[in-house]
Amino acid sequence: MNHESLPDIVVERQVSDAWERVTAWLRRHAPASYAALGPGASGAAVDALEEDLGIRIPAALRALWSLTAGDGGVDGAGCLPGNQALMPLHAVAGFYRRQMAAQAHQDTLNARRPEDDRVTVWATVWIPVASHGPADRTSGLYLDASTGYLGRWSRYNEGPDDELDTLTTYLEDVADMLEAPDLATRDRPGLVGGALVWGSRLDPAREDRWRPLARAVLPERPRPRGASMTRMKNENAAPARFKDLALDAVDHQALADWWCAALGYERSVMADGSARPQHWPVPIVDKTGSGPLIWINPVSERKTFKNRMHLDVWGVPDRLVAMGATVVRAPDQEIDWHVMADPEGNEFCVFTDPDDTP
């Protein structure tokens, strides 16, 4: 499917979510790289570029440029894999014009060549997005406005190389590599001081100061009896077993504290006892070990629709209201429990038991 066939609003949200994950990581762990990012471009500026290039700017690229339109880099290294840097809009326009002029020259030469020997320097629908470095235009990435896919360009003679990623997929992959570096396949992220530096193009002069990112450590939970993958592959066994619950929150740290207080849970510590990075999801566990593990996951959007899945708890509604919960529906002729919402709007049902509830 052509990525641009998705509604623009969906593409914009996907790109915004992915880039927010990247910039949130930079802000906390690589402040020098975060500070090097340029501000977002106005809609009018992108419209002017679109008119200058004479091609439609895809929604994904518009969304990215509205958040960050350029990367000044740190010591010649941008924040994207391969230490590539987002190009500012003026550089995009200038480079595009130069490449189109180079292609016009090649077209003159191509007219005298057999079809199989003709050279493509640049296509009209290619929009430059990132370059080898903040000031290095020898190679980089372009976005094909006709397909929505990224490609690789180079001023050397190896010719363009397809990336076959949408911009959304590429940015999500970057965020995944930063948040879970042990799973990184495209490149290996690390730090030099307060700057993000990717290992594939590490300057030899900086090797002694480069620190690869440590792998993420998730909390370990006892595997339920009968939940082995071997058993689940048996055709006569259930294909899945319950693992844990997850809730989304804009302020996931605050909501984790709220649910810990409401349920008598506590935050799960990392295996080595160190603090979990603030932008990571927060796992909370029952102190008694009887309740399920619950993940409180950070998201950029607030809840707008009713949950299709929710928690049922024993509790005292008045005490939960005092803590910040709200009553969505009180007991009536149809239900004998309270439907409530936590401070982020996630619904849950509260059942009262006079024998067990303090």
Side-chain angles (χ1 to χ4, degrees), residues 2-24 26-27 32-74 76-80 83-103 122-153 163 165-172 174-175 196 300-301:
N2 187 323
H3 179 64
E4 287 302 304
S5 66
L6 293 173
D8 285 355
I9 191 171
V10 174
V11 174
E12 291 164 0
R13 174 177 168 179
Q14 291 173 337
V15 169
S16 296
D17 287 350
W19 190 243
E20 171 58 29
R21 290 170 59 200
V22 173
T23 55
L26 293 174
R27 186 167 53 247
S33 296
Y34 178 75
L37 297 177
S42 67
V46 179
D47 288 343
L49 177 63
E50 186 173 73
E51 183 175 355
D52 186 9
L53 302 186
I55 53 177
R56 176 180 174 272
I57 305 296
L61 191 51
R62 276 184 170 269
L64 176 59
W65 281 342
S66 73
L67 301 170
T68 302
D71 178 4
V74 180
C79 69
L80 297 176
N83 298 320
Q84 297 183 110
L86 287 175
M87 298 169 64
L89 298 196
H90 68 86
V92 169
F95 185 80
Y96 181 87
R97 285 191 293 268
R98 288 193 296 274
Q99 292 298 94
M100 289 304 297
Q103 184 60 51
W122 202 258
T124 305
V125 293
W126 293 355
I127 304 173
V129 175
S131 60
H132 183 84
D136 187 337
R137 308 285 187 248
T138 55
S139 64
L141 299 176
Y142 64 81
L143 184 67
D144 188 323
S146 66
T147 65
Y149 286 100
L150 291 170
R152 186 171 300 281
W153 53 267
E163 283 284 304
D165 273 339
T166 65
L167 183 59
T168 301
T169 301
Y170 175 78
L171 295 177
E172 288 174 342
V174 174
L196 171 64
S300 59
E301 75 283 353

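Index from 1, following the sequence.
For Leu196 against Cys79, the heavy-atom pair with the smallest separation is CD2-O, 3.4 Å. When all heavy atoms are compared, the tightest approach of Ala85 to Asp71 is CB-O, 3.8 Å. Contact between Leu171 and Val22 at its shortest, heavy atoms only, is O-CG2, 4.1 Å. The shortest heavy-atom contact between Trp122 and Met100 is CD1-SD, 3.6 Å. Annotation for Ala41 and Leu89: closest pair CB-CD1, 3.7 Å, computed over non-hydrogen atoms. For the residue pair Ala93 and Leu53, the shortest heavy atom distance occurs at CA-CD2, 4.2 Å.
Every residue two or more places apart in sequence or in another chain that forms a salt bridge (Lys or Arg N to Asp or Glu O under 4.0 Å) with Arg62 is listed here: Asp47, Glu50. When the side-chain hydrogen bond (donor to acceptor under 3.5 Å, both in side chains) test is applied to Ser16, no partner is found at least two apart in sequence or on another chain.
Among residues at least two apart or in separate chains, salt bridge (charged side-chain N to carboxylate O under 4.0 Å, His left out) pairs with a member in residues 11-23 are Arg13-Asp17, Arg13-Glu301, Glu20-Arg27, Arg21-Asp176, Arg21-Glu179.
In this structure the side chain of Trp65 never reaches within 4.5 angstrom of the side chain of Leu86, judged on heavy atoms. When side chains are defined from C-beta on, Leu37 counts as touching Leu26, because their heavy atoms get closer than 4.5 Å. Under the 4.5 Å side-chain criterion, counting only non-hydrogen atoms from C-beta, Asp52 is in contact with Arg97. The side-chain heavy atoms of Ile127 and Tyr96, taken from C-beta on, include no pair separated by under 4.5 Å. At least one side-chain heavy atom of Leu61 sits under 4.5 Å from a side-chain heavy atom of Val129.
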Chi angles and distances behind the side chain to side chain contact (heavy atoms under 4.5 Å, CB included) call for Tyr142, Leu150: CA-CA 6 Å; Tyr142 64 81; Leu150 291 170; over 6 Å; no
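From Asp144, atom CG reaches atom CD1 of Ile55 across 9.0 Å, with rounding to the nearest 0.5 Å. Note that OG1 of Thr124 and CD of Gln99 are 12.0 Å apart. Values are rounded to the nearest 0.5 Å. Taking CD from Glu172 and CD from Gln14, the interatomic distance works out to 6.5 Å, rounded to the nearest 0.5 Å. Rounded to the nearest 0.5 angstrom, Phe95 CZ and Ser131 OG are separated by 8.0 Å. Here Leu143 contributes atom CG and Asp165 contributes atom CG; the two are 11.0 Å apart, rounded to the nearest 0.5 Å.
Defined by atom type and a distance below 3.5 Å, a donor-acceptor pair is missing between the side-chain atoms of Trp153 and Ser139.
For Thr23 (side chain) and Trp19 (main-chain N/O), a donor-acceptor pair under 3.5 Å exists by modelled atom type. Checked by atom type and distance alone, the side chain of Thr68 never pairs as donor or acceptor with a backbone atom of Gly70 at under 3.5 Å.
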